[in-house]
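Here the structure comes first, spelled out in structure tokens, and everything after it is commentary.
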Amino acid sequence: MTVPADLLVHGGDVLTVDDAGTLVRDGAVAVRDGEILAVGPTDALRARYTAADTVDATGCLVMPGLVNTHTHLAMTLLRGRADDVTLQGFLERVIRWEGELLSPENVAAAVRVAVAESVRAGVTSALDMYWFHEAAERAAREAGWRLHTGPTFMDVPDPADGIAYEDRLEWARRDLAARPARPGTRPVLFAHSTYTLSPEQLTGIAALAGEFGALLHIHAAENAIEVATVEVAHGRRPVELLDRLGLLGPDLLIAHAVDLTGPEIAALARTGTSVAHCPVSNLKLGCGIAPVPRLLGAGVTVGLGTDGAVSSNTLDLLGAVRQAALVHKAGGDPTAVGAEQAVRMATVEGARALGLDGQLGSLEPGKRADLIVLDLGKPHLTPRHDVWSMLAYAAQASDVRDTVVDGRVLMRDRALTTLDEAAALKALSDLDTESGPAARPGVDALPGVDARSGVDARSGPGVLA
């Protein structure tokens, strides 16, 4: 007697990314109610399960969907608007444009395109820090895509959504209280950084996160100027300040962590704080290279992020996998970050960084059915002596043929099934993103920063204090 299932993906090699790195040749994955029922040989699962829908993965690789641990999806609005500048110059340009362009409608339009891009790239979930998160969440939910988002805090004049900091804590509390629990997600709060929020504000946000068991996500130590800025303002480096305030811990995920000292790495490891590594945007903005081999050696959980489509220009997480596997070898050690480690950073370690490794990141019974199918019938993927090597050094986003989230096929044979891609592209193209924003001193300019270089013409570091 067979057992009913909603979906059976069969016939391909299944890379589970479990602890043992199990690869099932001619394998299958059975799914019911968005959950993985079983993983095993195709013949055995076809004999055991009768599925309402099937995906024939013959000649393909089936693997967990990719987890993007740091991005700003609606920044697709500004792709190409802040290139070849430093982080500080980038921030000044982006803040000015955001003041002109952001609205719930525009964020939703941009997120639909970002979801389409992500689904095509095999990304099945993302941690998204941005304004108007409610609009982003609705757009993602309509497409059946897994989005981790929530209220963002940044103490600057005239926030994009018009809610002053003084009112944001109560607004965020209502938002979290009204948020239904969903499998494969958790509550999230976003504190922009230690240079845009005071210590008192940071501790207040962290206390609110603790009330709801929420993940707290923050930018920290992205480049040397930021570190110097925080030192001038608070007498401590960003990670030192977070440690002093008691914010480090397993419910904190730090984006970037490029400029770290040995004691700071030890503090991250001691407290169980995770890091979202964004190698593409870090290189593009000239921030430097995060000390990922030292973080991993210390036992810090490291996931991968694309950052926004302004600072990285694409949401291609496989591209970030390759960059993460390559850039750390520049110091002369080809083993600094290996192929398998890089792939795990984009899957199960990314899920672990979100505190969701019990539900996402690998193909195991009981976990959510987020998976992708890669077409292996390509010259650049032949021959395949090592699957980890193939994924880290050769695979491309365009190799993704099918994408499944929560057991629902969002892309089948490279055609999106839950989102009208042509309409999404047209809606974003129809927005007026060409008109230059007018500078509004005190609102969207970061004082003393030259938008081309990020250099403070007055006094060097400290320009963001």
Side-chain angles (χ1 to χ4, degrees), residues 12-27 29 36 39 57 60-70 121-125 257 269 274-280 289-306 316-354 356-364 367 370-376 378 380-397 399-400:
D13 292 343
V14 179
L15 181 64
T16 65
V17 195
D18 62 3
D19 289 344
T22 304
L23 178 66
V24 183
R25 301 287 187 183
D26 190 10
V29 180
I36 296 173
V39 179
C60 299
L61 178 74
V62 182
M63 64 175 290
L66 307 180
V67 180
N68 190 342
T69 57
H70 179 69
V123 177
T124 53
S125 67
S274 298
V275 167
H277 177 37
C278 303
V280 176
I289 300 172
V292 169
R294 293 169 62 198
L295 288 165
L296 295 174
V300 176
T301 295
V302 180
L304 275 183
T306 61
D316 175 9
L317 200 61
L318 274 174
V321 169
R322 182 180 304 177
Q323 194 65 257
L326 292 174
V327 70
H328 301 287
K329 304 182 195 307
D333 180 6
T335 68
V337 174
E340 180 175 349
Q341 183 63 64
V343 174
R344 287 184 176 275
M345 286 162 61
T347 51
V348 70
E349 293 304 307
R352 196 182 316 280
L354 299 180
L356 291 168
D357 50 306
Q359 301 184 64
L360 305 174
S362 62
L363 301 183
E364 299 178 83
K367 288 196 174 186
D370 290 8
L371 61 88
I372 58 177
V373 178
L374 277 72
D375 179 1
L376 300 182
K378 304 287 186 66
H380 64 278
L381 300 179
T382 305
R384 295 175 291 280
H385 298 298
D386 182 277
V387 66
W388 303 104
S389 172
M390 177 196 73
L391 288 170
Y393 301 122
Q396 302 171 9
D399 298 325
V400 178

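Atom CG of residue L363 and atom CD1 of residue I36 lie 4.5 Å apart, to the nearest 0.5 angstrom. Atom CG of L304 and atom OG1 of T69 lie 6.5 Å apart (nearest 0.5 Å). Atom OG1 of residue T306 and atom CD of residue Q323 lie 13.0 Å apart, to the nearest 0.5 angstrom.
Residues I372 and G65 approach most closely at CG2-CA, 4.0 Å, considering heavy atoms. The two atoms that bring M345 and V302 nearest to each other are CG-O, 3.3 Å, heavy atoms only. Nearest heavy-atom pair, A257 versus P291, reported as atom, atom and distance to 0.1 Å: O-CD, 3.4 Å. Closest of all the heavy-atom pairs between G305 and A320 is O-CB, 4.2 Å. Heavy-atom minimum distance, G303 versus A353: N-CB, 4.5 Å. The minimum heavy-atom distance linking L326 with Y393 is given by the pair CD2-CE2, 3.8 Å.
Residues passing the side-chain contact (heavy atoms from CB on, under 4.5 Å) test with A394 are L381, sequence neighbours excluded. Residues satisfying the side-chain contact (heavy atoms from CB on, under 4.5 Å) criterion with H380, sequence neighbours excluded, are K378, Q396, D399. Partners of H328 under the ring pair (Phe, Tyr, Trp, His ring centres under 6.0 Å) rule, at least two apart in sequence or in another chain, are H277. Listed by chain and residue number, S362 satisfy the side-chain hydrogen bond (donor to acceptor under 3.5 Å, both in side chains) test with E364 (two or more places apart in sequence, or in another chain). The side-chain contact (heavy atoms from CB on, under 4.5 Å) search around A330 returns none, not counting sequence neighbours. Under the side-chain hydrogen bond (donor to acceptor under 3.5 Å, both in side chains) criterion, D18 pairs with T16, T22, not counting sequence neighbours. Not counting sequence neighbours, the partners of Q359 by the side-chain contact (heavy atoms from CB on, under 4.5 Å) test are P183, L356, R368.
Counting only residues at least two apart or in different chains, salt bridge (charged side-chain N to carboxylate O under 4.0 Å, His left out) contacts with residues 320-342 comprise E340-R344.
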Check your understanding: Given M63 and L391, is the side-chain contact (heavy atoms from CB on, under 4.5 Å) satisfied, shown in steps?
Key -> CA-CA 10 Å; M63 64 175 290; L391 288 170; 3.8 Å; yes
Practice item. Would you check, one step at a time, whether the test side-chain contact (heavy atoms from CB on, under 4.5 Å) holds for R384 with L61? Key: CA-CA 11 Å; R384 295 175 291 280; L61 178 74; over 6 Å; no
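Residues P279 and I289 have side chains not in contact (no heavy-atom distance under 4.5 Å, counting atoms from C-beta outward).
The main-chain N or O of C60 is never found under 3.5 Å from a side-chain atom of D375 such that the two would form a donor-acceptor pair. The closest donor-acceptor contact from the side chain of T347 to the backbone of L66 lies at 3.5 Å or more, if one exists at all.
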